[in-house]
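The structure under discussion appears below in the form of structure tokens.
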Protein chains: 2
Amino acid sequence: MSSQRERAAFIDHLKSHGHRITGERLALFDEIFEQHRHVDAEELLAALHRKGHRISRATVYRNLDLLVACGLVRKQRLGQRRYLYEHIHAGQKHDHLVCRSCGRVVEFVSPGITAMQREICRAHGFSPDHHQFQILSLCAECVAASETQPSH
Amino acid sequence: MSSQRERAAFIDHLKSHGHRITGERLALFDEIFEQHRHVDAEELLAALHRKGHRISRATVYRNLDLLVACGLVRKQRLGQRRYLYEHIHAGQKHDHLVCRSCGRVVEFVSPGITAMQREICRAHGFSPDHHQFQILSLCAECVAASETQPSH
DNA sequence: ATCCTTGCAAACAGTTTGCAACCCT
DNA sequence: AGGGTTGCAAACTGTTTGCAAGGAT
């Protein structure tokens with residue numbers, strides 16, 4: 001299991017903040033660190049139930065916020081209605097390319113664009129260190145679909 | 001009134017699509033073309049009521065979608081829960097810098113970054129022509145606030 | 001006189017919250 | 001034992017929709 005380090009960090013964070021180590025928290029942690037894509041709360045809940053855990057929806061939401069507070073999970077709206085969550089993995093900061101139609105998410109890394117983002121943030125008095133970046137477009141499938149069947 | 005051309009285009013669109021020209025539609029059109037910032041449905045509704053129009057929330061939503069279908073209004077989620085609307089003005093395509101904390105929106109134009117976006121879209125099989133681009137960060141005020149009063 | 005539009009209220013989707021029972025420590 | 005945590009259901013926010021009344025053509 002490659003998330004041993006993060007799991008330990010999570011447990012430390014819980015202890016040092018006077019939070020308790022519960023089965024629900026560990027199960028949720030394990031689930032989101034097993035997922036290698038962007039998932040929403042409902043998907044996590046369903047996956048946990050499928051594995052026999054008796055966790056509730058409210059607990060999933062509450063503890064996702066906790067994981068975000070620990071800095072172990074990223075929570076973001078990627079154009080869609082729902083929040084998407086992803087566990088944070090080691091070094092490389094990536095950004096997101098999102099299909100506006102089907103919601104598909106692709107990660108990308110582009111040093112050049114990162115430098116430009118920083119510059120734009122700086123130019124407008126925004127923090128260059130807290131930026132996050134999204135390109136919303138249409139994936140090939142959805143372009144094809146919209147050409148076959150125009151929207152009106 | 002600088003939106004005469006668009007107003008005429010709207011009326012033409014209505015006629016040519018068998019839609020009716022109603023007071024509510026024209027009032028909503030005028031309101032969103034008077035606003036020079038990103039507004040949400042609730043703000044538009046409130047502004048219309050303030051001016052004495054008796055339009056309902058449902059009608060605002062329905063006709064905002066219509067304006068989007070005409071290509072006169074842009075509807076997007078900029079990180080926040082609500083959709084934001086802006087009327088489309090003449091030539092320059094701009095992108096958005098959004099404060100993740102207070103929701104403040106700044107428009108920017110950057111030819112260099114546009115070229116890079118296109119390249120990233122192309123590299124991942126997304127449509128370079130339908131892209132839209134957001135940088136989510138923290139504005140100076142919110143950075144200052146979070147330093148004075150850390151989140152926990 | 002048509003039949004598209006409107007307003008109202010109810011439905012919806014996703015997330016948050018109040019409260020009593022529960023169970024980590 | 002004590003108090004943070006859980007599950008349930010209800011509340012909430014923002015948007016959409018069904019339906020009867022109303023109004024543009």
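Just so we're clear, the structure is a prediction, and the values are computed from it rather than from any experiment.
- Rounded to a whole Å, the NZ atom of Lys15(A) is 16 Å from the C1' atom of dG4(D).
- Rounded to whole Å, the distance from CD on Gln80(A) to C1' on dA13(C) is 13 Å.
- Across the protein-nucleic acid pair, Leu48(B) atom CG and dG7(C) atom C1' stand 15 Å apart, rounded to whole Å.
- Remark on DNA chain C: of its neighbouring residues Gly18(B) and Arg54(B), the 5'-side contact belongs to Gly18(B), judged by nearest-heavy-atom nucleotide.
- In this pair, His87(A) and His36(A) present their aromatic rings perpendicular. The plane angle is above 60°, beyond the 30 to 60° band.
- Taking CD1 from Ile135(B) and NE2 from His131(A), the interatomic distance works out to 7.5 Å, rounded to the nearest 0.5 Å.
- In this structure, Asn63(A) atom CG and dG7(D) atom P are separated by 9 Å, rounded to whole Å.
- Thr22(A) is not listed as a side-chain neighbour of Leu14(A), based on a closest heavy-atom distance of 4.5 Å or more.
- Every side chain to side chain donor-acceptor pair (under 3.5 Å) that Ser127(A) has, sequence neighbours left out, goes to His130(A).
- For the OP1/OP2 pair of dT6(D) and a distance below 4.0 Å, the side-chain nitrogens and oxygens of Ser56(A) include no atom meeting the criterion.
- Across the protein-nucleic acid pair, Leu64(B) atom CG and dT6(C) atom P stand 12 Å apart, rounded to whole Å.
- Counting only distance, with no hydrogens or angles, the side chain of Arg118(A) and the backbone of Pro128(A) share a donor-acceptor pair below 3.5 Å.
- The distance from atom NE2 of His53(A) to atom P of dT6(D) is 13 Å, rounded to the nearest whole Å.
- Applying the ring pair (Phe, Tyr, Trp, His ring centres under 6.0 Å) definition to pairs two or more places apart or across chains, none involves residues 47-75 of chain B.
- Distance, Leu28(A) CG to dG7(D) P: 11 Å, rounded to whole Å.
- In this structure, His49(A) places its NE2 atom 12 Å from C1' of dT6(D), rounding to the nearest Å.
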Legend entry - Contact state string [nucleotides 15-25 of chain C, B base, S sugar-phosphate only, - no protein heavy atom under 4.0 Å]: BBBB-----BS
